[in-house]
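One-based numbering, in listed order, for ligands and for the atoms of each.
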Amino acid sequence: MEYMKTNKIVIGNWKMNKSIRESAACAKELLDARYDLTSVKSTDIVLTPSFLALNEVKKVCAGRNGISLGAQDVYWGTGNYCGAVSAKMLSEVCSYAFAGHSERRMHFNDTDEIVNRKVKACIEAGITPIFCIGEDEEANNAGKTKEVIRRQIESGLAGVRPCEMVVLYEPVWALGTGRTPCTEDTEEIMRFVREILHELFGAGAGRGIRAVYAGSVRPENAAAYARLPHVDGVAVGTASLSAEKLAAIIHAVDRAV
Ligand code: 13P
């Protein structure tokens, strides 16, 4: 199955780790000339600070090509849902949003059905969904990784037409742990992800979909993942909290061929 690569992508996901001020400062440091991000040629950069910090980080990044903002979560309704933030609201400030990050699935009961609603809400609002999948340790040990991934993709993308999207594979056991799947296993899973997308959307229809790896990505291992034929980039949690490390990862991915 042929798959034509587009720009790669690096997503820096700060989760609930930085205040508004810290987020703006980190973005500012990242853009500093010493990290030379203007030389990045074929990699899109997405920063996902907290909802609260989106506006400030957006101001810092204004006018910088290739850097976009994303939200860490999204709600599908509008109106009387106290505390929620809708895709339509987010569309005023950012162009990406996570749908079903494994930490949302784990701590906030995001089911496959809820994730599906989030994906659809993003698409309807013109936001690129970062649709997350990944098996937990138990499923991995039981050899059920592919079963879980097929279920998550088929349910999460039910009723979704092919469109621009990021499918983010993040094995739960690799998040924030320093443990990572070997590149051979990652390539096999990412190829499998493409096969399912092919089944769902038909030949060629998945071209606008970038398949991205996450889980303990660091400057030292980023290129090895980004180089895999079926991997279009990485999402970074812990290491992205340091502008220096995030910049090193961006350059490593950009250079990886
Ligand atoms: P870590 O890089 O800390 O494993 O987190 C990855 C992640 O959750 C990306 O969204």
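- Within a 6.0 Å sphere centred on CZ of Arg34, other residues, nucleotides and ligands contribute more than 12 heavy atoms.
- The backbone N or O of Leu241 lies less than 3.5 Å from a partner atom in the side chain of Lys18, making a donor-acceptor pair.
- Taking every non-hydrogen atom of His101 and a distance limit under 4.0 Å, the qualifying atoms of ligand 1 come out as 7 (C), 8 (O), 9 (C), 10 (O).
- Across the listed options Ala239, Gly12, Ser240, Gly237, Gly237 owns the non-hydrogen atom lying nearest to atom 6 (C) of ligand 1.
- Ligand-side atoms of ligand 1 in range of Gly215: 4 (O), range being under 4.0 angstrom from any heavy atom.
- Remark: ligand 1 and Gly176 share an N or O pair separated by less than 3.5 Å (distance only, no angle test).
- Remark: the backbone N or O of Ala211 is paired with a side-chain donor or acceptor of Asp232 at under 3.5 angstrom.
- With sequence neighbours excluded, the residues that form a ring-ring contact (aromatic ring centres under 6.0 Å, His included) with Tyr225 are Tyr213.
- Using a 4.0 Å cut-off between heavy atoms, Asn13 contacts ligand 1 through its side chain alone, with no backbone atom that close.
- Those atoms of ligand 1 with a heavy atom of Thr238 less than 4.0 angstrom away are 1 (P), 2 (O), 3 (O).
- Judged purely by distance below 3.5 Å, without hydrogens or angles, the side chains of Ser42 and Asp254 pair a donor atom with an acceptor atom.
- For Lys15, the heavy-atom gap to ligand 1 drops under 4.0 angstrom.
- By the ring-ring contact (aromatic ring centres under 6.0 Å, His included) test, Phe51 is found to be paired with no residue, residues two or more places apart in sequence or in another chain being considered.
- At least one heavy atom of Ala174 lies less than 4.0 angstrom from ligand 1.
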